Amino acid sequence: MDVSNAMTIKMDEIFTTLPDMPDFEEGIRRAPKRPMPLNKGEIALALKNALRYLPEAWHNTLAPEFLDELLTYGRIYGYRFRPVGRISGKPIEQYKGKCVEGQAFQVMIENNLDFEISLYPYELVTYGETGQVCQNWMQYRIIKKYLENVTQDQTLVVESGHPLGLFKSAPTSPRAIITNAMMIGLFDDQENWERAMSLGVANYGQMTAGGWMYIGPQGIVHGTYGTLLNAARMELGVAEDGDLTGKFFVTSGLGGMSGAQGKAIEIANGVGIIAEVDLSRIQTRFDQGWVSQITRDAGKTFAAAKKAVAEKKAVAIAFHGNVVDLLEYAVDNNISIELLSDQTSCHVAHGGGYCPQGLTFEQRTDMLKNDPEGFTKKVDASLVHHYTLIKTLVDRGTYFFDYGNAFMRAVFDAGVTEICKNGENTLDGFIFPSYVEDIMGPLMFDYGYGPFRWVCLSGKESDLLKTDQAAMACIDPDRRSQDRDNYIWIRDAQKNKLVVGTQARILYQDAMGRVTIALKFNDMVRKGEIGPVMLGRDHHDTGGTDSPFRETANIKDGSNIMADMAIQCFAGNCARGMSLVALHNGGGVGIGKAINGGFGLVLDGSSRVDDIIRRAILWDVMGGVARRSWARNEHSMETCVEFNDMCKGEAHITIPYLTDEKMIADLVDKKYKK
Ligand SMILES: NC(=O)c1ccc[n+]([C@@H]2O[C@H](COP(=O)([O-])OP(=O)(O)OC[C@H]3O[C@@H](n4cnc5c(N)ncnc54)[C@H](O)[C@@H]3O)[C@@H](O)[C@H]2O)c1
């Protein structure tokens, strides 16, 4: 068959001459070897799968090269097809395209792969150890080609990184629909996913990596800032309008998401120590000004923190070393820690996300490659010890919370059943709170506050400044403490120098806040005051994610093992015409443990987009609030009552009747004797 002639969008134009193997730039982080569980027959299948993107004439050259990649790295990345040099999100007009959305998505993808942003740019990993834009560089090139060609009447379909093609739709349909790692239930586990990844038929999108809406570590700074402020208010007696002045936080991780912690601590005026084993990641955050000191000695680190607390100075100290060593020092020397958390990548603890005590970062990489079984044992032993240290600190008065990195789950998987509330299994949750259960859920998601974000596609800083000011004018700081925190956040955003990569902003907002700001921005685009804007959000939000150990940890009606909400959110966003819609398996916590989705909406100043904002953004948030309300979450019920009143005749949410707790308990006690 003449495949080339069978395609009217000419892939030959991207695959004209076989590119040379590009050099790997020194100092750019590389992904560790991934598990490669394939047998001989499956290895042959993986090679055929990768080669089907490429003309037959190259197969004899590429087959041995791809085999080598598979055996060396556990994946076929097709390194040869990576464009030479740095990739970065450029001003939108520099991209070819037949519609603004096609150009906008190229800005977003390239921003996700920027050396400054991406965790392992050569392996297309944006953040979270394994979160990829797509599986390989052939897919990247074809996606780009399709985005240059997609029209207002078509939709690009991307299945686990594979660009299936362009299909006819309508201007009011999404321009791209993306799914990642949506595995069949029976096979929905880490082992089968690793097999599927090696075969080249699955992609782990994390949240915004495979959904192309990552905006660098800023994306998580605001959430971390809000979490820390509220943890201090709840646990340390800080006033509702107070901040972290004179308060002390210890944590770990300066990677993609975790890298936000230092900045958030300083913005909240507190003192923090962040342990990190990888010096290159510390250096990145130090160069950005997101941590202000680097230390290596635990004693000196705690002494520096103590001084800053006494002087009420805002300081983020990066401790180059293992968090377990740091906590061991605190326990042995009776050092008091007020707030404690962890953001190592425990969702892939055995796959390189967690560096066990006793190994340097470099030794961890070697052992992972050469002795994966021994590595797993070391990780488990370290996690058990890590847990024991935390327990001692908590007994001494520390407030520890799980920071959405599956730490408690990893400790349980390492054999510690006492970390479960029921001492046996995870069905009733864990003994330590997760930040969503205690803080983010009740104080943010239940009201609909979530990580709304935007990118000024012109690439102009002046556009971002205008949008910051416009958004600030939409917030009433006196409505709730959340609004006051958000107001302060956006007021100071420029000063806090949060941008890495494209001109982007994160701002937690509730449903109406997001709609109001989006309409305002679209009007500014219409009037020519700013260039086009890409709106979106993290999947880590009110309605986009079903994740019982994280986003839906505070759903207590038993439905936290269901994924209906995330799937409805995705389908509803497609139906209402978001420009880009994504649905993923496992984001944030690992395969089989979550279903999560997100969107992107390109503001082009049209009235068509005004309509999408009113329909889709309201749905995107309120679908989640409605489900939380149905689970009897108090603040969600209040929010839905207000919504029903506000949207009379246009929309309506079912509100639950509440039962008399005592009557039910007595009845069950009396009639059910087991
Ligand atoms: N809290 C949130 O809102 C949120 C959001 C997204 C992701 N997460 C989760 O947080 C985790 C971290 O995400 P990320 O994007 O920063 O991942 P990442 O892999 O980029 O960063 C984790 C960092 O931890 C370091 N590390 C690992 N083991 C260590 C140890 N024992 N001591 C000190 N440092 C160690 C690694 O070197 C790495 O830099 C993931 O599990 C992710 O799913 C949380």
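For clarity, every value in this text was computed on a predicted model and none was experimentally measured. Start at 1 and go down the list; that is how both ligands and their atoms are numbered. All heavy atoms count here, side chains included; hydrogens, waters and symmetry mates do not.
Listed by chain and number, residues touching ligand 1 at under 4.0 Å (heavy atoms only) are Leu119, Tyr127, Gly128, Glu129, Gln206, Ile220, Gly253, Gly255, Gly256, Met257, Ser258, Ala275, Glu276, Val277, Asp278, Arg281, Gly321, Asn322, Val323, Gln343, Thr344, Ser345, Cys346, His347, Gly353, Tyr354, Cys355, Tyr403, Gly404, Asn405, Tyr435, His540, Arg550, Gly588.
Residue pairs satisfying the side chain to side chain donor-acceptor pair (under 3.5 Å) criterion with at least one member in residues 370-379, sequence neighbours excluded, are absent.
Residues that satisfy the salt bridge (charged side-chain N to carboxylate O under 4.0 Å, His left out) test with Arg514, not counting sequence neighbours, are Asp541. Remark: Asp402 pairs with no residue by the salt bridge (charged side-chain N to carboxylate O under 4.0 Å, His left out) rule, at least two apart or across chains.
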Checklist line | Residue pair Glu129, Arg34: steps toward the salt bridge (Lys or Arg N to Asp or Glu O under 4.0 Å) verdict | finding: CA-CA 11 Å; Glu129 187 56 33; Arg34 305 298 190 190; 3.0 Å; yes
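A donor-acceptor contact under 3.5 angstrom links the side chains of His350 and Asp380, judged on distance only. Side-chain N/O atoms of Asn192 and Asp189 include a donor and acceptor closer than 3.5 Å.
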